[in-house]
Amino acid sequence: MPSTKARVSTAGQGVYSYLRALTYYLSTCYGTMMLALLFLFVSGQAVPPDTVVIDPPSAVVLVGETQRFTARAYDGSGTEMQQFTVTWFTQDQAIAGVDSAGLATAYAPGVAQISAVVGGQPAYARLEVLQLPVSTLDLSTPALTVYEGTTVPLEVVARTALGDAVAQPVTFRSSRRRVAHVDAAGLVSGRTIGEATITVEADDVEGEVAVTVVQNPAVRYQIAQNRVSIRCGDVVRFRLIAFDASGAQVDGIHPQWHVPESGATIESDGVDGVFVAEEEGAYTITAVIGEDLSHSIVVGAEPRLYNAHVELVGRGPIDAHHSGDTWVFEGVDGRDYAYIGTFMHDWMKVWDVTNPSDPVLMDSIQVDARRINDVKIHASNRLAIITREGASSRRNGIVLLDLSTPAHPTILSEYTETVTGGVHNVWIEGNLVYACHNGTNDLHIIDIADPRAPKEVGRWGLEKRAKTLHDVIVQDGYAYLSYWDDGVVTLDVGAGTHGGTPTVPAFVSQLSYPQGNTHVAWRHGRYLFVGDEIWPEGYDADQPIDATGYIHVLDMTDMDRPVEVAFYEVPGAGAHNVWASKDRLYVGYYQGGLRVLDISGELRGDLYRQGREMGHLLTTDERTMVPGWPMAWGAQLHKGNIYTSDLNSGLWIVRLVETLLMP
């Protein structure tokens with residue numbers, strides 16, 4: 001769903017971005033009073049009213065419906081004012097939106113506060129949005145023929161007239177319970193040979209499935225597994241094999257899988273049972289075939305052991321100000337460099353890391369900014385992009401650096417025309433820069449084929465007003481957008497699967513989760529590693545920050561339907577940026593330091609508890625702004641070493657040391 005937006009003048013864009021950012025800041029920090037004063041300034045209302053009333057004061061609508069609100073303004077004497085300007089808005093954009101004429105549109109169930117501001121005087125109305133009733137039931141079962149004595153699952157998805165899936169209580173009943181019984185979870189059990197109809201009901205909508213129970217030819221069962229040696233964290237697939245009296249295999253058995261012991265899980269995936277252990281021990285794997293029929297085996301899981309550790313190679317201490325992101329590359333002069341941005345500071349640092357055990361600070365580049373969050377290097381290693389936020393001129397955007405002399409880069413040009421509101425993160429793909437603009441919270445695509453004259457050539461954004469785009473990465477023709485509370489959005493930007501091009505992206509999929517704060521993503525093999533970032537309210541960057549958030553592992557086998565299958569959560573710490581190479585995931589885990597994770601094979605469940613972590617190093621020493629408190633920013637692998645910047649202490653260079661385990 002590409003976003004088409006009109007271009008505005010540079011000045012207009014800057015004012016819009018500034019007011020939008022200021023509105024958010026004031027509403028968050030100072031509440032309605034300051035927000036009202038801001039709208040008084042914007043609207044230029046000459047005589048502010050004494051009272052504003054919204055009609056109706058409350059309303060109830062269904063998802064997809066609209067509700068018209070009107071505002072009346074009265075002066076101090078109670079006389080209704082005839083000429084005034086009203087500004088409509090709501091901070092509950094996920095539930096409902098409201099246009100400039102007071103027409104609210106319901107998006108999702110919940111309660112939204114509709115606000116009207118006249119001359120700085122606010123008024124509020126309550127809009128309750130109810131879910132549409134169930135319109136259809138989607139029924140699916142792996143088989144309509146059930147063997148006597150066995151079970152098959154019946155899955156039900158209730159949908160509204162708009163096609164939205166809804167969580168609605170579902171009831172099941174069988175026309176002939178003696179033939180086929182169905183339990184409250186939709187598990188159909190074949191009891192005797194014959195035919196029966198299973199009726200499903202939700203919200204007065206019914207659906208039916210006809211099943212036939214036939215004789216079960218199976219007389220013997222065994223459980224097969226795809227691996228014999230099992231370590232914690234290894235995903236093992238179990239399959240029930242049925243044999244008839246002649247020894248031939250029997251198809252059509254659909255077992256339900258269980259493991260009674262704690263410390264491990266098993267899930268049904270088609271006919272397979274997918275098992276993973278988080279603790280060493282013996283586990284009973286049971287395939288429940290029918291109401292009174294099951295088959296079990298016992299397997300053992302050994303601990304996951306690594307003879308590995310993370311060791312320090314070199315340090316580039318920065319303790320006079322906070323550091324931002326870093327990027328490491330080989331310059332055109334054949335030497336290696338690490339460029340580091342800054343947090344609440346206006347310098348980018350240039351480190352020579354050709355000798356990683358002895359980094360040398362070579363230069364600094366100063367720009368008008370309060371934050372240089374991101375640093376990226378063009379594939380040619382002749383051009384760098386740094387992002388700007390908090391410029392005193394309110395013209396942020398990106399700055400392009402000439403790396404002809406990488407130890408002493410120079411400013412080549414800047415681009416601010418459509419991204420004045422600040423750019424948090426970028427990704428360079430060929431001669432295109434994909435920029436996350438704080439003002440629009442859209443993805444702006446900037447052509448830098450002529451680096452002295454960048455120009456915007458495309459744009460994409462979620463079609464909603466309340467949104468936050470934080471990060472973007474482009475890999476193999478797909479762009480992965482970390483859209484904060486809207487989750488991770490995948491776009492086709494040249495993969496050729498959904499009609500997208502590098503400058504006209506096409507929507508592929510979106511997955512969000514309840515905790516939100518989707519901050520970063522990295523694709524590696526079949527998996528997308530997605531990280532949260534959660535900082536406490538009212539944090540002080542010069543004091544310890546208790547960050548939280550963790551890494552979600554999404555299976556992208558079906559690009560249209562990503563599925564979360566695993567997670568990596570370090571207790572007492574918060575995830576930040578990631579990097580993956582071969583079978584290793586490198587994570588800057590804020591106060592948890594730099595972490596290295598084994599991501600080999602299939603991934604399921606709690607990767608930390610499974611013991612997949614290979615090593616870590618706390619990025620703090622005596623050269624830091626916050627004693628004893630690491631805040632590892634991210635990780636990048638370069639020539640066998642791992643580079644990270646720490647928010648409080650600057651540059652760290654480490655390596656993972658692995659040796660073979662001796663028998």
So if I apply the side-chain hydrogen bond (donor to acceptor under 3.5 Å, both in side chains) rule between Tyr568 and each of Arg612, His552, Glu613, which one comes out positive?
Glu613
Start with the C-alpha gap between His322 and His345, add the side-chain angles, then the distance that decides, and say whether ring pair (Phe, Tyr, Trp, His ring centres under 6.0 Å) holds.
CA-CA 7 Å; His322 295 288; His345 198 61; 9.8 Å; no
With no hydrogens and no angle check, just 3.5 Å: does a side-chain donor-acceptor pair link Asp560 and Ser509?
no
Counting distance only, does the side-chain N/O of Tyr283 pair as donor-acceptor with the main-chain N or O of Gly263 below 3.5 Å?
yes
Determine, step by step, whether Leu443 and Leu469 satisfy the side-chain contact (heavy atoms from CB on, under 4.5 Å) criterion, reporting the C-alpha distance in whole Å, the side-chain angles of both residues, the deciding distance to 0.1 Å, and the verdict.
CA-CA 8 Å; Leu443 184 70; Leu469 176 59; 4.1 Å; yes
Give a yes or no on whether the backbone of Glu330 and the side-chain of Asn381 come within a donor-acceptor separation of less than 3.5 Å.
yes
What is the distance from atom CD1 of Ile386 to atom CZ of Arg388, rounded to the nearest 0.5 Å?
8.0 Å
Sidechain-backbone polar pair: Asp352 side chain, Val360 backbone, donor-acceptor under 3.5 Å
no
Do you see a donor-acceptor pair shorter than 3.5 Å between the side chains of Asp325 and Asn373?
no
Identify the heavy atoms of Gln610 and Cys232 that sit nearest to each other, and give their distance.
O-CB, 3.4 Å
Side-chain H-bond candidate by donor/acceptor type, Thr644 with Gln636, under 3.5 Å:
no
Do the side-chain N and O atoms of Asp471 and Ser482 include a donor-acceptor pair separated by under 3.5 angstrom?
no
Side chain of Asp346, backbone of Gln366: donor and acceptor closer than 3.5 Å?
no
Arg523/Asp476 under salt bridge (charged side-chain N to carboxylate O under 4.0 Å, His left out): CA gap, chis, key distance, verdict:
CA-CA 9 Å; Arg523 178 71 183 270; Asp476 298 324; over 6 Å; no
Check this for me: Asp558, atom CG, are more than 12 non-hydrogen atoms of other residues, nucleotides or ligands nearer than 6.0 Å?
yes
Give a yes or no answer on whether the side chain of Asp92 reaches the backbone of Ile95 with a donor-acceptor pair at less than 3.5 Å.
no
Quick one: do the Tyr306 and Arg304 side chains pair a donor with an acceptor below 3.5 Å?
yes
Pair Trp535-Tyr590, ring pair (Phe, Tyr, Trp, His ring centres under 6.0 Å): steps then yes or no:
CA-CA 11 Å; Trp535 280 21; Tyr590 275 147; 5.6 Å; yes
Under the side-chain hydrogen bond (donor to acceptor under 3.5 Å, both in side chains) rule, what do His437 and Asn396 come out as? Steps first, then yes or no, please.
CA-CA 10 Å; His437 180 216; Asn396 291 282; over 6 Å; no
Would you say Asp333 and Tyr337 are linked by a side-chain donor-acceptor pair, where the criterion is simply a distance under 3.5 Å?
yes
Can a donor-acceptor pair be found, under 3.5 Å and without considering hydrogens, that links the side chain of His638 to the backbone of Trp327?
no
Report, as yes or no, whether the 6.0 Å neighbourhood of atom CZ on Arg382 holds more than 12 heavy atoms from other residues, nucleotides or ligands.
no
Asp486 vs Ser512, side-chain contact (heavy atoms from CB on, under 4.5 Å): CA-CA, chis, key distance, verdict:
CA-CA 6 Å; Asp486 292 299; Ser512 58; 5.7 Å; no
Which heavy-atom pair separates Asp442 from Leu462 by the least distance, and what is that distance?
OD1-N, 4.4 Å
State whether the side chain of His378 and the backbone N or O of Ala384 hold a donor-acceptor pair below 3.5 Å, judged by distance alone.
no
Applying side-chain hydrogen bond (donor to acceptor under 3.5 Å, both in side chains) to Glu389 and Asn438, what does each step give before you reach the verdict?
CA-CA 9 Å; Glu389 296 173 282; Asn438 301 343; 2.7 Å; yes
